[in-house]
There are 2 protein chains.
Amino acid sequence: MQNVWFRATATQRGAPPLSRDRIVAEAVALLDEEGVGRLTMRRLAERLGTGSTTLYWHVKTKDDVLDLALDTIFDEVRVPAGGGDWQEDVRALLRGWLQALLNHPWSTTLLSRPLMGPNVLTRSEFLHATLAAAGFAGQRLTGTAYALSNYVIGSAMMQATWQAGDEEEVREAAKRHLHAQRDRYPTLATHDPLVGDEWKDAFELGLDYLLTGIQSQLAVFKGA
Amino acid sequence: MQNVWFRATATQRGAPPLSRDRIVAEAVALLDEEGVGRLTMRRLAERLGTGSTTLYWHVKTKDDVLDLALDTIFDEVRVPAGGGDWQEDVRALLRGWLQALLNHPWSTTLLSRPLMGPNVLTRSEFLHATLAAAGFAGQRLTGTAYALSNYVIGSAMMQATWQAGDEEEVREAAKRHLHAQRDRYPTLATHDPLVGDEWKDAFELGLDYLLTGIQSQLAVFKGA
DNA sequence: TCGAGTACCGGATCGTTGATCCGGTCACTC
DNA sequence: GAGTGACCGGATCAACGATCCGGTACTCGA
């Protein structure tokens with residue numbers, strides 16, 4: 001290469017310069033398309049038009065990539081304005097939370113790592129603040145926030161598991177399996193697994209249970 | 001080797017003959033001691049005094065081992081006699097369910113795979129049957145069972161995450177992290193994370209919420 | 001009694017992975 | 001125009017899941 005003008009800038013070789021944000025964004029795309037099992041530093045690097053070792057300049061380990069990718073999807077969760085009916089605020093937040101997880105089913109397999117990213121913390125702060133405004137305090141506030149979060153996490157995992165790629169196939173196999181053993185599992189065998197909108201209904205049902213319980217708890221120690 | 005007596009039987013070489021059950025039992029022990037990240041077919045085989053390739057005669061893939069190990073721990077969950085107060089039966093089952101998961105923290109990282117083993121199904125059948133006896137039916141029964149199961153699963157994951165080996169260290173780091181950013185997360189920063197028995201209390205609190213909600217739902221359509 | 005079949009085992013090997021070493025290349029400063 | 005530091009990547013390492021293929025010992029029928 002003789003001439004500057006014929007020579008691409010170093011940082012232009014592979015599109016915009018590599019950055020932690022670009023890596024994470026591409027990781028999310030890769031995870032969405034192929035799932036957590038196929039996220040490799042090499043494959044990720046290839047998609048970014050770079051070498052795999054280069055990623056390690058921006059990121060310490062692969063786990064870092066996963067942690068960052070996981071937190072990233074939570075910025076899809078709209079944080080309610082707040083100040084309205086606390087129950088509706090909680091409902092809106094948790095619905096968004098569930099939806100974000102389901103939009104990226106791989107995320108549910110990563111939930112067993114500490115969620116401490118800024119996006120998660122912002123949503124968690126809103127939940128705590130809303131419960132505080134509703135009248136909770138101290139350990140009871142923490143416990144109630146956990147109850148709600150845990151319910152969402154569990155629901156997302158369950159639904160993502162049964163709606164995975166092989167959806168129809170796995171569900172049919174499960175159904176046959178149960179029906180074949182209906183002597184052993186009579187009640188299970190006569191109740192079909194959830195499909196489509198029934199998942200949403202089930203989620204709302206459980207949320208109703210929780211909020212009903214929380215409301216009555218609130219009434220008790222407000223009355224005292 | 002000249003003599004039969006000086007020659008060990010093939011099946012005695014490595015203690016009792018290898019079987020799927022022995023493999024799974026050893027896998028659970030290995031997982032308990034070293035966690036899911038360190039379970040490899042080679043290490044598992046070594047503990048069994050055999051070659052890694054041998055395991056593949058008894059088991060199709062490593063995932064099979066994990067699925068079998070996961071189902072195995074659920075036989076720790078005592079199934080209540082049933083027929084008593086349905087709320088107490090549900091409570092007893094779910095407490096045992098949570099405890100089994102926490103006894104084997106690695107299990108919570110595997111919950112994103114379909115739970116279809118005999119031990120799981122037996123417990124799930126009991127939950128469904130108990131709710132049926134309490135007055136639920138159809139999709140509402142399924143939804144209620146999911147709500148309860150999902151709560152347990154989410155609770156186990158959350159607790160296992162924050163009580164992992166590095167317990168103190170991670171928790172302290174999180175606390176410092178939050179306190180340093182208390183402008184951004186005022187409510188979070190003033191509420192300490194749970195410790196020790198507080199986890200149990202929080203679990204019971206959420207369970208109370210759910211059962212209160214379920215009870216009132218039951219009253220509604222029993223009255224109609 | 002013996003020979004064939006079957007259940008079971010493992011050394012060697014393949015392709016892939018996360019991670020690191022160490023040597024580049026370019027833009028920018030003084 | 002020499003040097004500094006941000007950024008990149010080829011080569012390499014140990015470890016992994018899985019498979020091939022050739023063994024070994026027990027069993028059962030004739």
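Reminder, nothing fancy here: chain letters follow the sequence lines and each chain counts from 1. Computed from a prediction, not measured in an experiment: that's the story for all the values here.
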Rounded interatomic separation in angstrom, taking CZ from A:Arg20 and C1' from D:dC7: 15 Å
Distance below 4.0 Å between A:Thr40 side-chain N/O and C:dT17 OP1 or OP2: yes
Sugar-phosphate, base or nothing in reach of A:Thr61, heavy atoms under 4.0 Å: sugar-phosphate
B:Trp57, nearest nucleotide to its side chain (from C:dC8, C:dG18, D:dG17): C:dC8
Proximity to the side chain of A:Arg42 - top-ranked nucleotide from C:dA7, C:dG18, D:dG17: C:dG18
B:Tyr56 OH to C:dC14 P, straight-line distance once rounded to whole Å: 17 Å
Side-chain donor or acceptor of B:Glu204 paired with backbone N/O of B:Asp201 under 3.5 Å: no
Selected nucleotide, minimal atom distance to A:Lys62 side chain, candidates C:dA19, C:dA7, D:dC8: C:dA19
Short side-chain donor-acceptor distance under 3.5 Å, A:Ser124 and B:Tyr185: no
Sugar-phosphate only, base, or nothing, as touched by A:Leu44 at under 4.0 Å among non-hydrogen atoms: nothing
Main-chain N/O of B:Phe203 paired to A:Tyr146 side chain as donor or acceptor, under 3.5 Å: no
Sugar-phosphate only, base, or nothing, as touched by B:Thr53 at under 4.0 Å among non-hydrogen atoms: base
Side-chain donor/acceptor of B:Arg123 to backbone N/O of B:Val77, under 3.5 Å: yes
Atom-pair distance (NZ on B:Lys60; C1' on D:dA18), nearest Å: 11 Å
C:dC9 phosphate, OP1 or OP2, under 4.0 Å from B:His58 side-chain N/O: yes
Atom-pair distance (CG on A:Leu66; C1' on C:dT17), nearest Å: 14 Å
Length of the CE-P vector between A:Met41 and D:dC8, whole Å: 13 Å
d(CG, A:Leu55; P, D:dC8) in whole Å: 9 Å
